[in-house]
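Single-structure report; data block below.
The sequence lines fix the lettering, A, B, ..., with proteins before strands; numbering per chain opens at 1.
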Amino acid sequence: MPEDSILEVRGLRKVYRVRASRADPGPAGSALLGHPLARRQRARALVAVDDVSFSVAPGQSLAVVGESGSGKTTVARMVVGLERPTGGTIWVSGQERSWRHVTSRERRRRAREVQIIFQDPYSSLDPRMSVRGCLDESLRLHFDWGRERRDARVAELLDQVGLDRRQAESLPRALSGGQRQRVAIARALASEPRVLICDEAVASLDVSIQAQVLNLLSDIRDATGVSYLFISHDLAVVRQVSDNVVIMRRGRVVEAGPTASVLSDPSNGYTKQLLAAIPRPGWKPTRSASPDES
Amino acid sequence: MSVLEIDHLAVDLPVEGVLRRVLHDVTLPIAPGEAVGLVGESGAGKSMVSRAVIRLLPEGAAVHGDIRYAGDSVLAMGRPALRHFRTHDVAMIFQDPRAHINPVRTVGDFLVEALVERGERRESATTTVTALLASVGVSDPERRFRQFPHELSGGLLQRVMIAAALAVSPTLLLADEPTTALDVTTQSDVMVILDARRRERGLAMLFVTHDLELAAAVCDRIAVLYAGLLIEDVPTGDLRRDLRHPYTAGLLASRPDPVSPRRRLAAIPGRPLSAFEIGPGCPFAPRCPFAVARCLSERPELRDLDTGRVACHRAEELRGQLLSIATPGAASA
Ligand SMILES: Nc1ncnc2c1ncn2[C@@H]1O[C@H](COP(=O)(O)OP(=O)(O)OP(=O)(O)O)[C@@H](O)[C@H]1O
Ligand SMILES: Nc1ncnc2c1ncn2[C@@H]1O[C@H](COP(=O)(O)OP(=O)(O)O)[C@@H](O)[C@H]1O
Ligand code: SF4
Ligand SMILES: [Mg+2]
Ligand SMILES: [Mg+2]
């Protein structure tokens with residue numbers, strides 16, 4: 001792989017075995033009416049990700065854009081190591097990901113390098129643990145530090161994501177959605193990762209809070225030099241946080257390049273459609289070219 | 001005259017046995033054929049307004065003020081009148097169509113039933129509904145008729161719901177985030193159809209959304225809700241050209257643009273408050289960069305200002321200044 005990338009994926013592919021059902025319903029309503037045919041399970045190959053390649057340089061931000069089901073989350077899960085690729089290669093800091101007997105020590109080392117935050121921080125935070133406890137736990141897992149050093153680092157992390165001391169003692173349920181997302185970001189930053197994957201991390205936030213978190217992400221990148229793999233369906237948000245962009249459709253990359261030029265002068269028809277569909281000043285809805293699906 | 005008048009609406013809902021305020025004061029008239037976008041952040045009370053209009057509030061809700069449809073108080077309607085209102089005058093489209101359609105009935109039965117219930121003959125109802133499906137861009141209506149909801153994609157099902165809403169020939173459409181669960185290209189398709197059919201039939205619409213730009217694209221007026229209070233009501237054409245309320249200006253500035261160059265977003269500090277959390281003054285005061293002492297103690301009333309209404313003590317004085325904090329697109333749009 002090229003020397004200058006922190007994360008590189010080539011020819012990434014993921015095939016799931018699924019039961020033929022919803023997309024291939026058989027006799028109308030049979031699944032719901034308990035028709036015997038509905039229980040005849042045929043396995044079918046679902047290609048979720050197909051020949052995806054990209055690379056991210058240190059301190060750079062790459063966005064992966066696509067509509068629901070296009071394979072974005074599957075890419076993220078493979079990069080972070082939660083899912084094993086059917087094919088292709090992933091390099092992190094120049095080292096090829098191996099999928100054979102990964103020791104827990106190796107898993108921790110990988111977690112130090114690549115962290116991920118999700119759309120809904122509530123489900124990924126322990127409801128019984130305070131913000132401080134949650135950050136402290138992450139530090140204990142990744143570093144061999146004494147109490148004092150950890151406390152200092154917790155304070156620094158809280159400060160970095162704009163949470164105050166009072167909020168540090170709160171349980172997740174006492175925090176707003178935006179605050180919870182800040183906690184998730186702080187926890188991800190605790191291990192000092194080289195790459196932070198954000199999977200629809202601002203999608204469920206109110207627009208005023210979304211703006212705060214987008215500004216926060218850009219400040220953190222300036223301060224720490226972390227790289228982002230920023231996954232989103234929202235081209236406006238992507239314009240704000242990424243240097244390069246990959247547009248995915250049905251598991252495949254349809255266009256890639258510098259964000260500014262792809263968005264100001266898209267060459268792919270689907271990218272144009274996506275862009276034309278984003279409400280913005282002076283915008284009117286138009287029919288997309290896509291035919292009536294299912 | 002207005003087709004709908006929401007008049008000093010206030011709503012309390014029971015939370016753990018005590019009533020909690022979710023709407024403080026909403027006054028909003030809608031003229032026949034007019035589309036009004038009700039926008040605001042999560043928890044502002046948008047859905048409560050639309051549900052109050054058809055009296056679909058949670059059990060135990062206390063409603064104050066009045067809601068009038070064609071001059072008649074909806075709140076005072078007895079059962080038969082309310083039933084007639086819901087089946088003939090008003091139709092609602094929800095964010096999640098799957099939660100509002102019976103999964104074990106076919107799409108055809110679902111559509112025809114509403115008309116048959118109103119006394120229409122089955123054959124004529126079928127003809128009406130088939131034509132409607134075609135008009136909302138559903139190809140092969142005969143096949144769709146026999147399908148079940150789970151066999152349709154979200155966008156297609158939402159178009160079926162629009163057809164269902166139009167089938168009863170209402171004069172007022174209530175749409176609560178009808179496209180929020182859809183992909184953007186599907187959203188665009190659905191909005192084109194909703195907009196065209198609404199205009200063609202001259203329907204009035206209350207369009208509830210958190211997306212200011214989306215509302216601006218299809219509505220004549222924008223009403224902004226914050227912490228259960230209506231804080232601005234402005235013709236869409238003036239929304240950007242003539243900013244009058246700091247919160248509306250802040251909302252516009254918060255949203256990045258996919259094509260203009262990257263810039264730091266002018267984020268509003270703090271978080272949106274719920275109705276029950278606000279103090280005696282302006283609900284936006286804790287986050288407002290222009291707040292003065294009066295803003296903390298005295299609630300600004302919603303008052304007329306030129307082409308719209310605004311609730312801000314400093315609206316006249318700030319009018320010229322707000323443009324500078326809004327998006328770069330502001331001046332040109
Ligand atoms: N059943 C209920 N009982 C008590 N409070 C409720 C109930 N439903 C909603 N609320 C509260 O009423 C307020 C307004 O809710 P509403 O659903 O109208 O908000 P909204 O503006 O539609 O938000 P969103 O954009 O998230 O849909 C919120 O504070 C909410 O927590
Ligand atoms: N664990 C799984 N088993 C089977 N199919 C899956 C699984 N995870 C995702 N898929 C399928 O893979 C495709 C891509 O999904 P996903 O990566 O979640 O898309 P996105 O994040 O872009 O919405 C979809 O068709 C989805 O249904
Ligand atoms: S009344 Fe005061 S606090 Fe409220 S929006 Fe106007 S200037 Fe800001
Ligand atoms: Mg996803
Ligand atoms: Mg709502």
Interchain contact, A:Ser242 with chain B, by part (heavy-atom threshold 4.5 Å)
backbone
Please determine, by modelled atom types, if A:Ser218 and B:Arg262 share a side-chain donor-acceptor pair under 3.5 angstrom.
no
Any idea which of A:Leu263, A:Ile209, A:Asn215 has the most non-hydrogen atom pairs under 4.5 angstrom with chain B?
A:Asn215
Hey, is the main chain of A:Pro285 close enough, under 3.5 Å, to the side chain of B:Gln187 for a donor-acceptor pair?
no
Nearest 0.5 Å please: distance from the CZ atom of A:Arg287 over to the CD1 atom of B:Ile193.
4.5 Å
Please find the pair of heavy atoms, one from B:Ala217 and one from A:Trp283, that lie closest to each other, and give the distance.
CB-O, 3.3 Å
OG of A:Ser208 to CG of B:Leu265, rounded to nearest 0.5 Å, is 11.5 Å
If you count heavy-atom pairs under 4.5 Å between each of A:Val237, A:Asp234, A:Leu235, A:Val238 and chain B, which one has the most?
A:Asp234
Pairwise distance CG(B:Leu251) to CG(A:Asp206) - rounded to 0.5 angstrom:
9.0 Å
Please test B:Val184 against A:Glu67 for side chain to side chain contact (heavy atoms under 4.5 Å, CB included), starting from the C-alpha separation and ending with a verdict.
CA-CA 8 Å; B:Val184 282; A:Glu67 294 190 296; 3.9 Å; yes
Under 3.5 Å donor-acceptor, A:Gln212 side chain and B:Ile268 backbone
yes
N-O pairing of B:Arg264 and A:Asp219 below 4.0 Å
yes
What pair of heavy atoms forms the shortest contact from A:Pro281 to B:Arg240, and how long is it?
CG-NH2, 3.5 Å
Which bit of A:Leu274 is near chain B, if near means a heavy-atom gap under 4.5 Å: side chain, backbone, both or neither?
both
Minimum heavy-atom separation for A:Arg239 to B:Pro258, with atom names?
CD-O, 3.1 Å
The reported gap from CD1 in A:Ile278 to CG in B:Asp211 (rounded to nearest 0.5 angstrom) is 10.0 Å
So which part of B:Asp183 gets closer than 4.5 Å to some heavy atom of chain A, the side chain, the backbone, both or neither?
both
Between A:Gln273 and B:Thr185 (side chain of the first, backbone of the second, donor and acceptor by atom type, cut-off under 3.5 Å), is there such a pair?
no
Part of B:Leu212 within contact of chain A (heavy atom distance under 4.5 Å)
neither
Roughly how far apart are B:Ser260 OG and A:Gln240 CD, rounded to 0.5 Å?
9.0 Å
Verify whether one side chain among A:Gln210 and B:Ser254 offers a donor that lies under 3.5 Å from an acceptor in the other.
no
